[in-house]
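We're numbering straight along the sequence, starting at 1. Below, each value reflects all heavy atoms present in this structure, side chains not excepted, and no hydrogens, waters or symmetry copies.
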Amino acid sequence: MEHGETNNNVHVTVQNSPQPPPLEEQELQQLTEPLPKSFQEDEQDEELRKLLIPDVRDLPLAPPSAVETNFVSYFAPDFIKEGHDQYVYRHANGLCVIGLAATHIAFKDSGGVTAVDFNVGKSDRSSFKVTGKRKKNAQFFEPNSALCKVCTKDASYIVRCSVKGSLLEVNDRLMKQPELLNTVAHREGYIAIVMPKAADWLKVKESLLSLEEYKRLRELN
C-alpha cells in the first residue's frame, strides 16, 4: 500500500449469539411427564383394576364347568324310592336336563351301570322324535313318569322324569355307551331333556334341593 492511501476495507468479526446450554435428561423427562392425577382419580383407577384383574387368591383351584356356568343345579334325593337321587339342571331358557346324581344307588353296585333301556311302560322313549320350533310330537310327562331303566350286574332301577313337562329328547347314546353314566353322568351321561311350563316349574322347584342343600344332606365336600 502506497503512502496516503487509505484502506476502506472494514474487518468485522461476527460472533454467534450465545446458545442456552442443553437441558439435562432429567429436565426433559419432567417436561414430558403427565401432570399428576388427583387422589380421587387414583382411587377410581384402583377400583377398575380390581374389577378387571382379579386377585389370584380369590380364583378357584379349577375353572367352573359348562354346567356350573350355564345351569342352576337342583336335586331330587330319594325320588320315589330310597337311594334314587337325581339331578335337574335348569337353563336360563327354561329347559331342564335330567340325570342320575353322583349318589344314586346304581353307582354303588359293583361295576356300576352296565345297560340302559328306554323301552319302559307301554312305549319306547327313544322312538320319540320332536320337530320344529313348536316341538311337535313332544309328549307331556308327570314327575313320576318313567324315562328309562338303568341296569347293573345285579339289579335294575327306574329313572323318572322328576319334573312335570314336555319330553323333548332322551339321550339314546346311552344305549350303546352305558358306561357314560359311570364316568360323566353329569355331562354326556344325562338321561333326558324336559321343558316344563313356568307355573309347573315353580311348583316342582319347591320340592327340589339346591346344590348346597344336597351336599349337606349327603355329607359331600
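For E213 against S210, the heavy-atom pair with the smallest separation is OE1-N, 2.9 Å. Among all heavy-atom pairs drawn from L208 and A76, the shortest one is CD2-CB, 3.8 Å.
Looking at residues two or more places apart in sequence or on another chain, you find no side-chain hydrogen bond (donor to acceptor under 3.5 Å, both in side chains) involving S207.
Taking CG from N70 and NE2 from H91, the interatomic distance works out to 5.0 Å, rounded to the nearest 0.5 Å. The distance from the CG atom of L209 to the CZ atom of R218 is 8.5 Å, given to the nearest 0.5 Å. Atom CZ of residue R173 and atom OG of residue S126 lie 16.0 Å apart, to the nearest 0.5 angstrom. Atom SG of residue C96 and atom CZ of residue F71 lie 9.5 Å apart, to the nearest 0.5 angstrom. With rounding to the nearest 0.5 angstrom, the CG atom of N171 is 9.5 Å from the SG atom of C148. The structure places CG of D200 at 14.5 Å from NZ of K205, a figure rounded to the nearest 0.5 Å.
For the pair V204 and V88, the minimum side-chain heavy-atom distance is 4.5 Å or more. Residues L168 and L95 form a side-chain contact, since some pair of their non-hydrogen atoms from C-beta on lies under 4.5 Å apart. Side-chain contact between Y74 and R90 is present, with at least one heavy-atom pair separated by less than 4.5 Å. Within the 4.5 Å cutoff, the side chain of F107 has heavy atoms near those of the L181 side chain.
In the hydrophobic clustering of ILVMFWY residues, with side-chain heavy atoms under 4.5 Å counting as a link, L217 and I80 come out apart. Hydrophobic clustering of Ile, Leu, Val, Met, Phe, Trp and Tyr side chains at less than 4.5 Å, counting indirect connections, keeps I158 apart from I98. Grouping the Ile, Leu, Val, Met, Phe, Trp and Tyr side chains by contacts below 4.5 angstrom, directly or via other members, places W201 apart from F79. V120 and L100 sit in two unconnected hydrophobic clusters of ILVMFWY residues. Membership requires side-chain heavy atoms under 4.5 Å apart, directly or through other members. By the criterion of side-chain heavy atoms lying less than 4.5 angstrom apart, applied directly or through intervening Ile, Leu, Val, Met, Phe, Trp or Tyr residues, F140 is not grouped with L147; the two fall into different hydrophobic clusters.
Under 3.5 Å, the side chains of D154 and T152 contain no donor-acceptor pair of N or O atoms.
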Table please: side-chain donor-acceptor pairs of residues 190-197 below 3.5 Å, with sequence neighbours left out.
unit_1, atom_1, unit_2, atom_2, d
Y190, OH, E169, OE2, 2.4

List the atom pairs, donor and acceptor, that lie under 3.5 Å between side-chain atoms in residues 110-119 and the rest of the protein, sequence neighbours left out.
unit_1, atom_1, unit_2, atom_2, d
T114, OG1, C151, O, 3.1
D117, OD1, N119, N, 2.9

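A donor-acceptor pair under 3.5 Å links the side-chain atoms of D78 to the main chain of G83, judged by distance alone. When atom types are taken as modelled, the side chain of Q86 and the backbone of F75 share no donor-acceptor pair closer than 3.5 angstrom. R125 places a side-chain N or O within donor-acceptor distance of the main-chain N or O of A146, the cut-off being under 3.5 Å. Q177 places no side-chain N or O within 3.5 Å of a backbone atom of L174 that could act as its donor or acceptor partner. A side-chain donor-acceptor contact under 3.5 Å links Y87 to the backbone of A185.
Checked against the 6.0 Å centroid threshold, H84 and Y157 count as a close aromatic pair.
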